[in-house]
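Here the structure is a predicted model, which means the values were calculated and not measured. So that the names make sense, note that chain A is the first sequence line, chain B the second, and so on, each numbered from 1.
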2 protein chains.
Amino acid sequence: MPVDLPPHTDADGPALPAGPAFSPLYQQIKALLLKSLQGGEWKPGEAIPSELELAGRFKVSQGTVRKAIDELATENLLVRRQGKGTFVATHAEEQIQYRFLRLAPDEGPSTGMERHFLDCRRMRAPADVARALALKAGEQALLVRRTLWRNQAPVVLDEIWLPAALFKGLTADRLAQYAGPMYGLFETEFDVRMIRAEEKIRAVAADAATAELLQVAQGSPLLSVERLSHTYGDKPVELRRGLYNTISHYYRNELS
Amino acid sequence: MPVDLPPHTDADGPALPAGPAFSPLYQQIKALLLKSLQGGEWKPGEAIPSELELAGRFKVSQGTVRKAIDELATENLLVRRQGKGTFVATHAEEQIQYRFLRLAPDEGPSTGMERHFLDCRRMRAPADVARALALKAGEQALLVRRTLWRNQAPVVLDEIWLPAALFKGLTADRLAQYAGPMYGLFETEFDVRMIRAEEKIRAVAADAATAELLQVAQGSPLLSVERLSHTYGDKPVELRRGLYNTISHYYRNELS
DNA sequence: TAGTGGTCTAGACCACACA
DNA sequence: GTGTGGTCTAGACCACTAC
């Protein structure tokens with residue numbers, strides 16, 4: 001690539017205002033790797049080619065490939081394992097903890113929670129959901145509802161909105177049968193990889209229906225967690241509205 | 001340093017189980033830089049010596065210093081500025097936004113908020129506060145209470161607990177006079193730098209006193225944000241209990 | 001023993017800020 | 001122009017994993 005694509009600012013005509021800046025070689029390599037990931041050349045959990053091989057393929061030094069991979073690794077798209085190789089990140093084998101779940105119990109270990117699926121319906125996406133998921137007007141969406149339990153008590157009620165076009169054949173049964181994180185099933189069965197998400201968190205009062213499902217009094221304060229998840233290319237593919245009972249759990253966050 | 005401190009695993013006796021592992025040179029350099037930061041050799045906002053100079057001082061290559069600085073920069077302890085130098089991170093000149101405040105308004109720009117200080121009292125630390133701040137039994141603490149306002153309405157009520165020994169002379173007046181982030185004042189006036197924090201978030205119901213201060217109905221759901229902030233060496237130096245009215249604001253978070 | 005990622009070096013050159 | 005961080009290279013060697 002360095003032969004065809006000099007790392008300098010695009011040499012062309014008189015200087016444009018707010019020009020194209022400057023793209024380091026390793027950023028170009030990173031973009032190429034990203035394209036391969038997006039194109040499915042390497043699947044989640046698989047190893048990508050070795051640094052030396054990639055360096056040969058792209059005609060750059062190993063150090064340059066390294067820097068590209070470094071950035072993808074800090075973004076959690078790749079995982080390096082010394083002596084073994086570099087692997088595509090996956091939600092399907094997060095042994096310890098669900099990667100995106102920030103809920104921790106006040107006491108005891110942060111073990112997995114029991115999942116109960118309530119229903120999985122196909123319907124026209126409401127306006128706000130359609131907007132968040134960038135669906136065309138009237139496009140179909142799936143609504144999955146489920147609860148998460150710990151110690152025989154419900155803690156979380158999730159409403160999960162998905163573009164129906166991407167998840168053909170998804171049913172509550174299929175969800176219930178799959179062991180492991182939901183995002184793992186999305187990867188292996190529907191080829192949808194969750195890369196990044198934004199959450200908006202508020203405190204709300206439980207309505208009657210929610211109160212019953214979470215076994216709390218109506219009006220009880222609940223944590224409302226609205227998550228918008230994205231795949232490659234920052235494409236939104238899931239809108240998840242969670243209500244958490246934070247009597248014996250809390251949402252943890254790190255600031256730096 | 002590489003002369004006196006070979007980067008190999010500590011050569012000593014028969015292999016211990018779970019041995020001391022192995023410390024790369026750049027990690028040792030990083031530790032030395034950290035010590036200088038902690039010791040106040042370079043103050044927040046100041047430039048540290050150039051990479052070349054540090055390389056000379058430590059007798060390592062520029063690349064090794066670079067990697068050490070890289071890590072400190074991604075941890076937000078240092079800030080690199082091309083062409084100018086590398087600077088010690090500071091809360092005192094965060095022009096855009098308070099670094100640790102994750103509260104955003106539903107609409108409009110995330111501008112600064114108006115601060116009203118209610119009081120600043122010195123007292124014996126309650127047991128839970130003492131435990132969190134690692135204070136000795138009966139050691140004195142400061143309790144600062146304040147509200148944050150936007151658009152002539154109160155949004156946040158903070159209870160801020162500080163070790164009295166570190167903040168001699170802190171008063172509500174002094175806080176009110178200082179323009180800019182509170183952590184900026186802590187840096188310049190008390191030489192306490194906030195590096196990292198953990199937050200535990202829950203939904204709670206407003207009690208009578210809180211309801212009045214935040215101008216909401218008693219029992220209204222509020223976001224409870226308990227923040228434990230640390231300086232160098234992971235020493236806890238602030239326990240902050242915030243209650244946020246999330247009617248027109250939300251707590252934002254990024255997952256990856 | 002071979003292959004992979006991880007560390008370290010030395011040197012050349014580029015982009016940016018500032019005087 | 002000088003000094004700073006940023007990029008890129010080529011090569012040596014180390015640590016970990018697997019066979």
Side-chain angles (χ1 to χ4, degrees), chain A residues 1-11 15 18-33 42 46-74 78-89, chain B residues 1-11 15 18-33 42 46-74 78-89:
Chain A
M1 305 309 162
V3 180
D4 303 323
L5 234 175
H8 313 304
T9 143
D10 300 6
F22 158 73
S23 175
L25 234 195
Y26 76 88
Q27 287 287 3
Q28 303 175 35
I29 303 301
K30 183 182 169 188
L32 291 172
L33 293 174
W42 313 304
E46 288 180 9
I48 70 171
S50 77
E51 296 179 350
L52 233 35
E53 186 183 333
L54 290 170
R57 178 187 304 187
F58 296 137
K59 302 281 181 42
V60 299
S61 78
Q62 187 190 2
T64 301
V65 170
R66 245 189 111 65
K67 182 139 190 186
I69 292 179
D70 275 346
E71 291 209 348
L72 292 170
T74 61
L78 295 176
V79 177
R80 321 191 75 141
R81 283 195 263 240
Q82 182 170 137
K84 302 177 75 172
T86 301
F87 299 78
V88 181
Chain B
M1 305 309 163
V3 180
D4 302 324
L5 232 175
H8 311 305
T9 142
D10 301 6
F22 157 73
S23 175
L25 234 194
Y26 75 89
Q27 289 286 4
Q28 303 175 35
I29 304 300
K30 184 182 168 187
L32 291 173
L33 294 174
W42 314 304
E46 288 180 9
I48 71 171
S50 78
E51 296 179 351
L52 234 34
E53 186 183 334
L54 289 170
R57 180 187 303 187
F58 297 136
K59 302 280 180 46
V60 299
S61 79
Q62 187 191 1
T64 300
V65 171
R66 246 190 109 63
K67 183 141 190 185
I69 291 179
D70 275 345
E71 291 209 348
L72 293 170
T74 61
L78 295 176
V79 177
R80 320 190 75 140
R81 282 195 264 238
Q82 179 170 137
K84 301 176 75 170
T86 300
F87 299 78
V88 181

| query | Rounded to whole angstroms, how far apart are OH on B:Y26 and C1' on D:dA15? | reply | 13 Å
| request: Return one dot-bracket line describing DNA chain C 5' to 3' (Watson-Crick or G-U wobble pairs, both distances under 3.5 Å; ( ) same strand, [ ] crossing, | another strand, . none). | output: ||||||||||||||||||.
| task | Look up atom CG in B:L33 and atom CZ in B:F58, then write down how far apart they are to the nearest 0.5 Å. | result | 5.0 Å
| query | Can you tell me how far P of C:dC8 sits from CD of B:E51, to the nearest Å? | reply | 16 Å
| B:K67: partners by side chain to side chain contact (heavy atoms under 4.5 Å, CB included), with sequence neighbours left out | B:Y26
| field | Rounded distance [0.5 Å steps], CD1 in A:I69 versus OG1 in A:T86 | value | 4.5 Å
| note | From CG of A:D70 across to P of C:dG6 the rounded distance in Å is 8 Å
| task | Check every strand shown and say whether B:R66 touches a base, only sugar-phosphate, or nothing at a heavy-atom separation below 4.0 Å. | result | base
| query | Does some side-chain heavy atom of A:I48 sit less than 4.5 Å from a side-chain heavy atom of A:L54? | reply | yes
| note | Nearest heavy-atom contact between A:E46 and A:W42 is OE1-CA, 3.8 Å
| query | Is the side chain of B:Q28 donor-acceptor paired with the backbone N or O of B:S23 at a distance under 3.5 Å, no angle test? | reply | yes
| query | Of the nucleotides C:dT9, C:dT7, D:dC8, which one has an atom closest to the side chain of B:V60? | reply | C:dT9
| Start at the 5' end of DNA chain D and walk down; is the nucleotide closest to A:Q27 or to A:Q62 reached first? | A:Q27
| Separation of A:R80 atom CZ from D:dA15 atom P, in whole Å? | 18 Å
| field | A:I29 side, atom CD1; A:K59 side, atom NZ - distance, nearest 0.5 Å | value | 11.5 Å
| request: With side-chain contact (heavy atoms from CB on, under 4.5 Å) as the test, would you mind laying out the steps for A:T74 and B:T74 before giving the verdict? | output: CA-CA 10 Å; A:T74 61; B:T74 61; over 6 Å; no
| query | Within this structure, what is the CG-to-C1' distance between B:L72 and D:dG5, rounded to whole angstrom? | reply | 16 Å
| message | Measuring from the side chain of B:F22 (C-beta onward, heavy atoms only), which nucleotide among C:dT7, D:dC8, D:dG5 has the closest atom? | response | C:dT7
| field | Nearest to side-chain heavy atoms of B:S50, which nucleotide of D:dT4, C:dT9, D:dA15 | value | D:dT4
| request: Choose from D:dG6, C:dG5, D:dC8 the nucleotide whose nearest atom is closest to any side-chain atom of A:T86. | output: C:dG5
| Between atom CG in B:L52 and atom P in D:dG5, what is the gap in whole Å? | 8 Å
| Given D:dT7, is OP1 or OP2 found less than 4.0 Å from the side-chain N or O atoms of A:K67? | yes
| note | Quick note, A:T64 side chain, CB onward, closest among D:dT9, C:dG5, D:dG5 is D:dT9
| said: Measure CZ/A:F58 against P/D:dT9 and give the value in whole Å, please. | reply: 13 Å
| said: Please find the pair of heavy atoms, one from A:P49 and one from A:R57, that lie closest to each other, and give the distance. | reply: CG-NH2, 3.7 Å
Measure all distances between protein nitrogen or oxygen atoms and nitrogen or oxygen atoms of nucleotides 17-19 of chain D, and list the pairs falling under 3.5 Å.
| unit_1 | atom_1 | unit_2 | atom_2 | d |
| --- | --- | --- | --- | --- |
| D:dA18 | OP1 | A:K84 | NZ | 3.4 |

| What is the distance from CZ of B:F87 to C1' of C:dC16, rounded to the nearest Å? | 13 Å
